[in-house]
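Lettering follows sequence order; numbering is per chain, from 1.
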Amino acid sequence: MSFRFTRRSALAATAGVAGSLAAPALHAQEGPIRVGEINSYATQAAFLLPYRNAWTMAQDEINAAGGINGRRLETIFRDDAGRPEDAVRHAGELVNNERVHLLAGTFLSHIGLAVADFANQNRRLFVASEPLTDAIVWARGNRFTFRLRASTYMQGAMLVEEAAKLPARRWAIVAPNFEYGQSATRWFKELLTRARPDVQFVAEQFPALGRIDAGATVQAIASANPEAIFNVTFGPDLTNFVRQGSTRGLFERRRVVSLLTGEPEYLDPLGDEAPENWIVTGYPWQDLNTPGHARFREAYRARFRDHPRLGSIVAYDTVTAIAAMLRRAGSTDTERMIEAMRGLRFPTAFGEQDIEFRAIDHQSTSGAYVGRTALRNGRGVMVDWRYADGRNYLPADEVVRQLRPQGA
Amino acid sequence: MTLAVEGLRKAFGGVKAVDGVSLSVAAGELLALIGPNGAGKSTCFNMLNGQLRPDGGRVLLEGRDITGMAPRKVWRLGVGRTFQITATFASMTVRENVQMALVSHARGTFDFLGALADRHAPRAMELLARVGMDAQADRACGVLAYGDLKRVELAIALANDPRLLLMDEPTAGMAPAERVALMELTARIAREGRIAVLFTEHDMDVVFAHADRIVVLDRGKLIAEGAPADVRADPQVRAVYLGTGHTHGVGA
Amino acid sequence: MLENLLVQGLSGLASASSLFLVASGLTVIFGVTRIVNFAHGSLYMLGAYLAWTLVTGLPRGHLGFWGGVLGAALIVGVVGVLIEVLLLRRIYKAPELFQLLATFGVVLIVQDVALLVWGPQDLLGPRAPGLRGATEVFSVRFPLYELFLISVGPVVLVLLWLLFHRTRWGTLVRAATADREMVGALGVNQRMLFTTVFFLGAFLAGLGGALQLPRESVNLQMDLAVIAEAFVVVVIGGLGSLPGAFLAALLLGQMQAFGILIFPKITLVLAFLVMAVVLVVRPHGLLGKAPSTQHAAGPVEPLLRPSPREVRLLGWGLLALAVAVPPFLGDYALIVLTEIAVMMLFAASLHFIMGPGGMASFGHAAYFGLGAYGAALLVKHFAAPMELGLLAAPFAAGLAGVVFGWFCVRLSGVYAAMLTLAFAQIAWSAAFQWTELTGGDNGVLGVWPSGWASDKLTFYYLALALCTGATLLLRRAIFSPFGYALRAGRDSPLRAEAIGMDGFRIRWFAFVLAAVAAGIAGGVFAYAKGSVFPTYMAIPRSVDALLMVLLGGVQTVSGPIVGALAYTWLHEQLMRLFELWRLFLGGVILALVLFFPQGLAGAIGRRGGRE
C-alpha cells in the first residue's frame, strides 16, 4: 500500500468531518416543532427504556390528534453516556444543528444541572423531566429551566409526614453517597426533627453508589440498634441491602421508611423478596384505576406488551406538558414559551388532579404515591397508598423566594 | 594516584564477595582486574562507580573520598564507564547517544525548548571519529553490531573528559581481531589523555597484551598484583587458573 | 458489642472472598500474559447473567443451582478462550499496554450485548438451595451463604496452589510468570499456555460473578463496579501473586467492614487510599517481586524520528484547514472542533510521559480535571475572569503533578500506572465529597468565557491557539535535550545514570510538564462546556486519554494527535447516529486494533516511510 492511498483516504476523512459538521439542517419555519431530548440511555436503561416508550407514545398520540396548531411534534433523542460534558455537547448540537425549539430530559441530577446552565447561557427553554435535585429549581434555578418530577425535598417531606406518626425515636439512615442521598438525608433529618424534636439519629451509612458492601452496612446499622430506618438506596444497592437485611433480621421489629422503593423500577426486580410493610413513595400501577391512568396503562400495555414504569409516567407527563405549553404559547419563541410554562396546568397520566408548573420556582406540583409495601402473588406491590399532591409538600413561598436566586 | 582503593569489602548474605581489596591506578595506566568466575570482579567494579555500596573500605578518586556516591555523581567527578552487556539508548542514533553524554556533561539536561540536534553535534562527531564510528553516526543504536556498540560506549564514556575509565569486559562478545583493535584504541586514548583505565577481562591474550599492570582476585581476595610477566609467573595465580585444587577454567 | 465487631469482621471476610475470586483470575492472566485485561469485569458480569439464565432455566434444587453456577463459569471460560484466540493472540507483539485497547473494545461490546440479551431491568436470581437462611454466630444472625462464601476463597486458593505446584502445566505457568522470555526459550508451546491461562482466568471471573447470584441482583453496571476494585486487589497483592491477591482481598474486606463504622462515607475512596499507601511503602505490592532483570522491561523501542515529511505536510495542511474553514461552519461544528483541539492536547500530554517517558498513567484525568477545577473554583469563589481562570488551570494541575508525581515516578510499569490511578481517585473523591468547596457531584456551573471570547468562533480560535500551541511545544520538547534525556531513562536507566542523569528528577519534571499541559486542556474544556464536574477526573476520562494515545500509536510523535482526532470524531459520530453506539464503537476499536497494531499514526508513518 502506498502513501498516496493514505493521503487520499485521510483527505476523504477530513472532508467527511467537515461535511458532517458543516451542514446545519434546514427546516421550514412552519415545519414540525422539534424537541431535543438528552438522557443517559446507555447507563440508566432500566428507567429510560420505559421512559422512551411512553415518550414516543405520547408524541404519537398528539400527532395523531392533529399535532400542535397543525404542526407535528418531533423529538431528537441523544444519549449522554452518563457524562455531563457529553450532555452539554449534545445540547449544543441539538440547538445549533438540529434547530430544536426546546430541550428536555435528563435523569441524573448533575447532568440536569449542566444542561440547565447551558439553557440559561444560551437562552433556551429546558424542561427537565427526572433529575431530583432541589438545586435545579432552587439554589441554582434559572428562568429557562423547569422541572417536572417531585423533587428530593418533596418526596422526603411526604415520607416525614408518615415517619413522624411512628412511635420510633432512634433512627438510622442509609443513603447512597452522592448529592441525592445527602440531600435526602439532610431534609429528612431537618423535617423530622422539626416535627418530632424527640428523635435522635443513631447511625448513618453512605455506601458508594452501585458498590454497597451490603453485609457490612447492614451489620453496622444493626449494631446501633435503631427503632426505625430511613433508606435512600435504590437499584442494585437496594436489592443487596434488602437481601442482606432480611437474612440478618435487620427489618424485624423495625419500621423502614424508604424513598422511591415503591416505584416498579426498584420493586419489580426484588421479586418475591420484596420487603413487606415498608413505608415508601412510589407508583402503584396495578391498582391505580383513575380513568386517566387506566387509559394510559392499557394503551401502554397494548403497544409495548409490558406494564408502565414510573419512568413512563414521567416521560408521558413531560410530553403532555410540552404540548400544553406550546398550545398556550402559540409560538416557539423562547420567551413566549417560558411565559406559557409559568403557571401552566396540564393533566397527568396518574389521572389525579392537574399538575401545575409553579411560576414562583418552575417546579411542577407533580406528586407521588405514599403507601406500604406488601407481597402479592410473589411480587412486591404498594398497598394502603394515597396520592400525595406535590403542591402540599413544598415550603412556603417566602422560603422558596429565599432559596432561589433573585431574578431567576 | 588517580584511583586508590583501600580495604574494600562487600558480603551478600554470608558470602564475602569482596574481602579487603586494595588497589590503585595511576594516570595513563591500564590496570586489568582478573580472576576466575565468582572471584568478585564485577562486585568490586560496581562498588567503584557507586552502583553498589561497600560494607567497608574506601574509594578515593584523586584523593577525594567517593565511597558509596551515586553513579551519576561519580561520573560528574570524571569517571567514565562501559558495561559488560552494552547499555546504550536504542531509540536514538549513535550520534545522539554521544550528544546526550555531552549534554549531561554541560548540565543541559533540563533544556526542554531547544533542539538536541543543535547541541554538541561537532564534538560528538569528533568523539565518534576517535573510536572509528563516525561513518555510522546516523544509524540507530538498536541495530548496531555488538562490537560497534562497544565502541559507541567508549565514545560515550569519553564524553566528559574522564580521568578514570571503568571498563567491564570491554571486549566480551567481539571477534578476536576487533578485540585487539579496541584495546589498542583504548590504550592510545588513555596514554594520550593521561586517563587511568581499570578493566576486567576474561580474554587473557587481551589482558597480557595491553595491561600495564594486573591485579588477580580469587574468592574475594587479592592474590597477586604486578606486571604481566610477574603475574604470569606467580604460582598462586597458576594454581587458581590451571586448576590445582580449583576447577576454574581460564576465560570461561 | 464485641459480638457485633466479630460479625462485622465475618461480613468483611465474605466480601473479601468474593473479591478474591475475581482478582485471582485477573492476576493469573496478568502474571503470564502481561495483559491488563479491562474486560475482566465484563467476564464477571457475563458469569452472573449466564448463571441467572441457567439457574432459573434448570430445575430447582442443588443440581440446578450448582450446575448452573458451574456451567456459567465454564461458558465464561470458553468466552475467554475466544477472546484470546480471535483477538489478543494477534496482537501480543504490539507495544506494551496496546492489548488494553482491545480489551476495552470487548467491554463496550459486552455492555450492549448484555442489554440486548437480558434487557435493562436488574435480575434477581434465586438463593442457593440449603443456604437460604441464617445461623446464629456469636448470638447474632449471620447468613449461611456468607459463611459458604467465606470458605470458598481459601478453598479456591488451595486448589489453585495445588494446580500451580502439583502439575506440569502449573509449573510452566509459574515459570512464565517469573520470566516469560525464559519459558519461550525453553521451547514451551506459549500459545497453548496463554490460551489455557485465559480459560482459567475467565473461568474464575465467571465463577466470581455466578456466585454473586444469591447475594446481589444481576445488573448492567456490575462490570465497571468490580473492575477497578479487582485491579486494586491485584496490585496491592503484587502483580501475578495469588497469595498476594488473597491477602489484599482480606485487607480490603476488613478495612471496608470496619472503615464504615468510623467513616461512613469512606467506601468511595477507601480501596484507592489503601493502594496508594501500600504502593508508596512497597513499590511492588505486598508479595510482588521486582521484575527479574533490567532487560525484561520491554521490547527494544524503535528509533524515534520526527514524523515523515508527508505526515508533517498533512499536519500543517490540517492546521491550515482548522484555521481557514471554521468561519464557514455552524456553531455545532465549532463546538466539536473545540473539543477535538482540547482532546488533542490532553492526549499529547499523556503521550509525553507514556511514549518518551515509558510511564503509563491510568489517572491522567486528574490533571485535566484539576485544571478545570482550578479555573472553575476561581470563578465560583472569586468571580475571576476567564483570563485568570485559564492561567490558574495549569498551575493547579502542575501543583498536583509536583506532589503526585513525586510518588508515582519512583515506581515502574503497571504499579506506577495504578498509583496514578489511586491519586486520581483521591482527587476525584475530594471533588465529589468536598461539597462546600467544589459543589460536590453537582459540580460548578456558570464557567463561561469572557465577553470577547463568548462567540463560538472566537472561543474556538482561542482554544485552537492554546491547545495547538501547547501540543507543538510538547512535540518540540520531545526532540529537545530534555525529551532525549527522558527517553534515555526509558531506554537504559543504567546508562542514563552512568552519564550523570538523575532519572528521578527527569521523570518527575516530565510528569509535571504533562500535568501542566493536561491542566491547560482542562481549563479550556471548562470554559467550552460552561460547567465542571467530578466526572472530568473520573476513570472513564483517564481511559479516554489512554485509548487516544494507544489508538494513535505510542511510539510515534503524531500518534496522540491522530488518536485524539479519530477517537473524538468516532465517539461523537457513533453516539449521535446509533442507539447501540457502544457496540459499534467497540467493534470499530477491535477492527482498528487488529489492522493497525502499531496504532494509526504508526501505520501511516510506516507506509509514508516506505515510499
Side-chain angles (χ1 to χ4, degrees), chain A residues 1-3 6-7 10 14 17-18 20-22 24 42 45-46 49 78-79 81 83-85 88-89 92-93 96-97 109-110 113-114 117-118 121 133 135 140 177-179 204-208 210-211 213 215-217 219-220 223 235-236 239-240 243-244 247-249 268-271 273, chain C residues 4 7-8 11-12 14-15 115 120-124 134 141-143 146 215-217 219-221 225 256-257 260-261 264-265 267-268 310 314 318 321 325 329-333 335-336 339 440-443 445-446 448 529-531 533 535-536 569 573 575-576 579 581-582 604 607-608 611:
Chain A
M1 213 156 293
S2 72
F3 170 71
T6 309
R7 185 171 54 183
T14 323
V17 183
S20 68
L21 296 180
L49 278 187
R78 290 289 180 260
D79 184 355
R83 304 212 282 197
E85 58 270 36
V88 170
R89 190 185 66 230
E93 187 240 352
N96 296 310
N97 260 25
S109 289
H110 61 300
L113 286 168
D117 196 44
F118 174 92
Q121 180 73 10
T133 180
R140 302 182 189 186
N177 188 8
F178 71 115
E179 195 262 355
E204 287 178 33
Q205 280 299 319
F206 291 96
R211 293 194 290 116
D213 189 347
T217 306
Q219 215 56 54
S223 53
T239 314
N240 303 351
R243 269 200 155 162
Q244 291 283 348
T247 324
R248 294 176 193 234
D268 287 0
L270 283 162
E273 296 189 30
Chain C
N4 280 328
V7 173
Q8 196 72 18
S11 301
S15 308
L115 173 63
Q121 187 171 299
D122 300 351
L123 303 175
L124 193 74
R141 223 192 287 172
F142 195 79
E146 303 283 295
R215 288 183 98 202
E216 308 186 357
S217 65
N219 62 77
L220 294 166
Q221 284 86 46
Q256 201 101 298
I260 61 169
L261 293 178
K265 294 183 177 175
T267 40
L268 202 61
E310 295 87 343
L314 187 72
L318 274 179
L321 281 179
V325 174
L329 297 179
D331 274 358
Y332 177 60
I335 293 172
V336 173
E339 206 160 305
D441 49 317
N442 275 351
L445 304 180
W448 295 105
K529 294 289 176 185
S531 43
F533 297 92
T535 51
Y536 287 19
W569 180 73
Q573 290 284 308
M575 256 178 114
R576 226 154 34 86
E579 269 174 54
W581 59 269
R582 290 181 301 193
I604 296 174
R607 281 166 194 170
E611 191 167 272

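Looking at A:E204, the atoms closer than 4.5 Å to chain C (heavy atoms on both sides) all sit in the backbone: N, CA, C or O. Heavy atoms closer than 4.5 Å to chain A are found in both the backbone and the side chain of C:L268. The parts of A:S109 that come within reach of chain C are both its backbone and its side chain, each placing non-hydrogen atoms under 4.5 angstrom from that chain. Heavy atoms closer than 4.5 Å to chain C are found in the side chain of A:R211, but not in its backbone. Of the two parts of A:L113, the backbone and the side chain both hold a non-hydrogen atom closer than 4.5 Å to a non-hydrogen atom of chain C. Only the side chain of C:Q221 has a heavy atom closer than 4.5 Å to any heavy atom of chain A. Proximity to chain A involves both the backbone and the side chain of C:A225, based on heavy atoms less than 4.5 angstrom apart. Only the side chain of C:L115 comes within contact range of chain A, judged by heavy atoms closer than 4.5 Å. Of the two parts of C:R215, the backbone and the side chain both hold a non-hydrogen atom closer than 4.5 Å to a non-hydrogen atom of chain A. Using a 4.5 Å cut-off between heavy atoms, C:S15 contacts chain A through its side chain alone, with no backbone atom that close.
Expressed to the nearest 0.5 Å, how far CD of A:Q219 lies from CZ of C:F142 amounts to 7.0 Å. Expressed to the nearest 0.5 Å, how far CD of A:Q244 lies from CD of C:E216 amounts to 9.0 Å. In this structure, CG on C:N219 lies 8.0 Å from CG on A:N240, to the nearest 0.5 angstrom. Rounding to the nearest 0.5 Å places CD of C:E146 at 5.0 Å from CZ of A:R248. Distance check, rounded to the nearest 0.5 Å: CG of A:N177 to OG1 of C:T267 gives 6.0 Å. For the atom pair C:L123 CG and A:D268 CG, the distance stands at 11.5 Å (nearest 0.5 Å).
In terms of heavy atoms, C:Q8 sits closest to A:A216 at NE2-O, 3.0 Å. The two residues C:W448 and A:F118 come nearest to each other via the heavy atoms CZ2-CA, 4.0 Å. The two atoms that bring A:T247 and C:P143 nearest to each other are CG2-CB, 3.7 Å, heavy atoms only.
Ranked by heavy-atom pairs under 4.5 Å with chain C, the first of A:E273, A:R89, A:R78 is A:R89. Ranked by heavy-atom pairs under 4.5 Å with chain C, the first of A:A45, A:P269, A:G271, A:G215 is A:P269. For the set A:G249, A:G92, A:P84, the entry with the most heavy-atom pairs within less than 4.5 Å of chain C is A:P84. For the options A:R83, A:E93, A:E179, heavy-atom pairs under 4.5 Å to chain C are most numerous at A:E93. Options C:L124, C:I335, C:N4 differ in how many heavy-atom pairs under 4.5 Å they form with chain A, and the most are formed by C:L124. The candidate from C:L220, C:I260, C:D331 with the greatest count of non-hydrogen atom pairs under 4.5 Å with chain A is C:I260.
No donor-acceptor contact under 3.5 angstrom links the side chains of A:D117 and C:S531, judged on distance only. Under the 3.5 Å distance criterion, with hydrogens and angles disregarded, no donor-acceptor pair is assigned to the side chains of C:Q256 and A:D213.
The shortest distance between side-chain heavy atoms of A:E85 and C:T535 falls below 4.5 Å.
In this structure a side-chain-to-backbone donor-acceptor pair under 3.5 Å is present from A:R140 to C:N442.
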